[in-house]
There are 2 protein chains.
Amino acid sequence: MQKSENQAKYYKLMEYLKEEILMGRIKPGEQIPSENMLADKLSLSRHTVRKAISMLVNEGYLYTEHGRGTYCLDRSRKRNDSKNIGVITTYISEYIFPKVIQGIDSVLSANGYSIMLKNTNNNTEKEALCLEDVLEKNIEGMIIEPTKSALFSNNLKYYEALDNHRIPYIFIHGFYQQLEGKSQVLLDDAAGMHAAVKYLAELGHKKIVGIFKADDIQGLNRHKGYAKALSEAGLPYDPDHVIWFHTEDRDVKPYNVIRQMIEEKSGIDAIACYNDEIAFKVFEMLRFMGVNVPEDISITGFDDSYFSANCPVKLTSVRHPKEQLGESAAELLLQMLKDDDYLKNPVQKVIVPELVVKDSCIQR
Amino acid sequence: MQKSENQAKYYKLMEYLKEEILMGRIKPGEQIPSENMLADKLSLSRHTVRKAISMLVNEGYLYTEHGRGTYCLDRSRKRNDSKNIGVITTYISEYIFPKVIQGIDSVLSANGYSIMLKNTNNNTEKEALCLEDVLEKNIEGMIIEPTKSALFSNNLKYYEALDNHRIPYIFIHGFYQQLEGKSQVLLDDAAGMHAAVKYLAELGHKKIVGIFKADDIQGLNRHKGYAKALSEAGLPYDPDHVIWFHTEDRDVKPYNVIRQMIEEKSGIDAIACYNDEIAFKVFEMLRFMGVNVPEDISITGFDDSYFSANCPVKLTSVRHPKEQLGESAAELLLQMLKDDDYLKNPVQKVIVPELVVKDSCIQR
DNA sequence: ATCGCGAACTTGTGCGTACATGTTAATTTT
DNA sequence: AAAATTAACATGTACGCACAAGTTCGCGAT
């Protein structure tokens, strides 16, 4: 090692202090002697001491607190002020995600952060690519909407890497079962569907069909709320009245099964749909088959999106607090960024959605 | 942005110099005034000047040569393989923009690039903040949807700065009049509106109202197409049949004027709307007033969005190639990134939209 | 016991000086 | 004409002082 190449006093002091830190004689968090103390002890001017210290502050070895002192920084947590936040969602342009992204952006940009946007198309391999990509970038934190969140994640190693790099992240709109204790902002899907089905039951419906997505956690939770509301209302839970669909068959299965039920005259009087898009398409199919909504069959949607507003019969739906979801995630992430112990203090928030009654259900 | 929050002299000098560099008034490689010169000129001590300069050296904006002087560092010469592209749009969640962003992302992510997303809320000051922000980041190129593009831009200096730093950028969906020769991807708004109005004229309509947005270039061009189609059809151009609205009064003005026209029984028989959202709301208001579409009045929209599909009477509209617009912009930008002389070879593309005939217009 | 105040500390800003050291270009010497 | 010297000017190091601003803690009043 060709030490002391530079013979300047400030430089030698800087090297000395750096050595002390690297050797562990000055421990992370420990306070070093004050500038005046060092200047006196070493017969240097305070100016010279300050120069040495400021270099080490710049390099991330020390940090100063005005009025309190100068401390040794934990080198494992490298200072990162890129002001970039990674945002990974399943889709960009579809459905509720633009609004969620909007909410995230409004909070982050107000705090001087920029968004690095990625989408996975709800494909786990693409999620891996996104995470790999983002790990190489200079980002301070991440907001992640899980991909196919009902399933186990194959990408756990990337989340471990994020932890190892001390990059905080927060799940939004879902989470992986293996990562249950992590920070997350969720919609209370069960409560939302519970409110819808309870409302249908109170209107006197007896045979309430439920349509749910099988491969995300929202679908499972909405199903839970459906089952709970039925049981509370004293109605039987009939597996034949529950339609499960997957991402791959989402465009055909729900409608085929409903059509079959109608043709078989199974006597169903209400359909609680996984979301507004399904509800809207179910509505169109029913109208095509000559079934009137809400006179013959009541329908509820979920999300209170434009599908609900623009449907000829405005759909009773559960309001999805899209922007609030994004805003909350961003706010909580900012909070985590300030917390040195964010890994031990996961932040979790559940937003309870409310039922919005419109025109697609009537009393039986 | 909380600029000059720090009122320290060295800090303000640092910010000033950084601004000069980012704006290109101090060019890469150029020598800045000596420390003594700056100290004299600004009535500061040399110490203070040194502090400002040393910060910029640390941040990579300047470099010093002992005995010679201090110079601006050519940041563009540094190989930039950040694989980041800045995307600035007016809105994130509204209207066509999610699809445009989707199109951009699909091409960029397929080529290994990541998107840094910013939105301006159609506000020029926020656009300035976005550009300022992005200039400090490590990005290779930008895709920009202009803000209030019919007006002159106050932010020209930022675009000059992008040129000075040799960061390619391409305008999408509009451009600033002062930057006419730059790369751009546009929709042929005039041709689209021309097709709609020509269609209305061919159906026998005589009094065709036009609703246009006054503060973006799309509005002006759609108006041009409207005027051209009228003149080709031998119909008079009546200024009283043209409604101009601005961002600020977009929620009231078009509908108030239309209502007045109906109440005054002015005999209008068709309305060519600036976009589907306007058309949808006009439709709702007409229905509320007891006017039937298309029996009493024909309506055309623009963009062929979900407003058009979900309207009780499906709206004849002009198909907006949203994703294609984004894809083209991304492809052309990638092309520019490979071209060392991209400034001399601007790429320009115009996409001609087509009319989609649905149910909101009938023969007179 | 609690509050308010100030003394005594800390780092932060800003001015001054002096001299060291490296670069450049004009000047002088060879 | 080429080489050496030197003046002028650039940044680099190092010292000094004064005051601003934030934190901590103990003392005295309540």
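Residues from residues 62-71 of chain A placing a heavy atom under 4.0 Å of any atom in DNA chain D, listed by number, are H66(A), G67(A), R68(A). Residues of residues 32-47 of chain A having a heavy atom closer than 4.0 Å to DNA chain C, listed by number: S34(A), E35(A), N36(A), R46(A).
Applying the side-chain hydrogen bond (donor to acceptor under 3.5 Å, both in side chains) rule to Y169(A) yields the partners D163(A); only residues at least two apart in sequence or on another chain are considered. Looking at residues two or more places apart in sequence or on another chain, you find no side-chain hydrogen bond (donor to acceptor under 3.5 Å, both in side chains) involving Q184(A). Here T120(B) pairs with T147(B) under the side-chain hydrogen bond (donor to acceptor under 3.5 Å, both in side chains) rule; sequence neighbours left out. E354(A) is linked by a salt bridge (charged side-chain N to carboxylate O under 4.0 Å, His left out) to R319(A), counting only residues two or more places apart in sequence or in another chain. Here H66(A) pairs with nothing under the side chain to side chain contact (heavy atoms under 4.5 Å, CB included) rule; sequence neighbours left out. With sequence neighbours excluded, no residue forms a side-chain hydrogen bond (donor to acceptor under 3.5 Å, both in side chains) with E125(B). Partners of E180(A) by salt bridge (charged side-chain N to carboxylate O under 4.0 Å, His left out), not counting sequence neighbours: none found.
Taking the six-membered ring for Trp and thresholds of 30 and 60 degrees, Y63(B) and Y71(B) have nearly parallel ring planes, at less than 30 degrees apart.
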Close N or O pairs between protein and nucleotides 3-6 of chain C (under 3.5 Å):
none

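OP1 or OP2 of dC15(C) has at least one side-chain nitrogen or oxygen of K9(B) nearer than 4.0 Å. Considering only side-chain N and O atoms, T48(A) lies nowhere under 4.0 angstrom from the phosphate OP1 or OP2 of dT13(D). A close approach under 4.0 Å does not occur between any side-chain nitrogen or oxygen of K51(B) and OP1 or OP2 of dG14(C).
Smallest separation of non-hydrogen atoms from M336(A) and S183(A): CE-OG, 3.4 Å.
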Taking only distance into account, with no hydrogens and no angle test, what donor-acceptor pairs under 3.5 Å do side-chain atoms of residues 102-110 of chain A form with protein atoms, sequence neighbours excluded?
from    : atom 1 : to      : atom 2 : distance (Å)
Q102(A) : NE2    : S93(B)  : OG     : 3.2
S106(A) : OG     : G103(A) : O      : 2.9
S109(A) : OG     : D105(A) : O      : 2.9

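Among residue pairs with one or both ends in residues 62-73 of chain B, those qualifying as salt bridge (charged side-chain N to carboxylate O under 4.0 Å, His left out) are E65(B)-R68(B); sequence neighbours excluded.
The CZ-C1' distance, from R50(A) to dA20(D), rounds to 12 Å in whole Å.
Nearest to the side-chain atoms of A8(B) among the listed nucleotides dC15(C), dT13(C), dC15(D) stands dT13(C).
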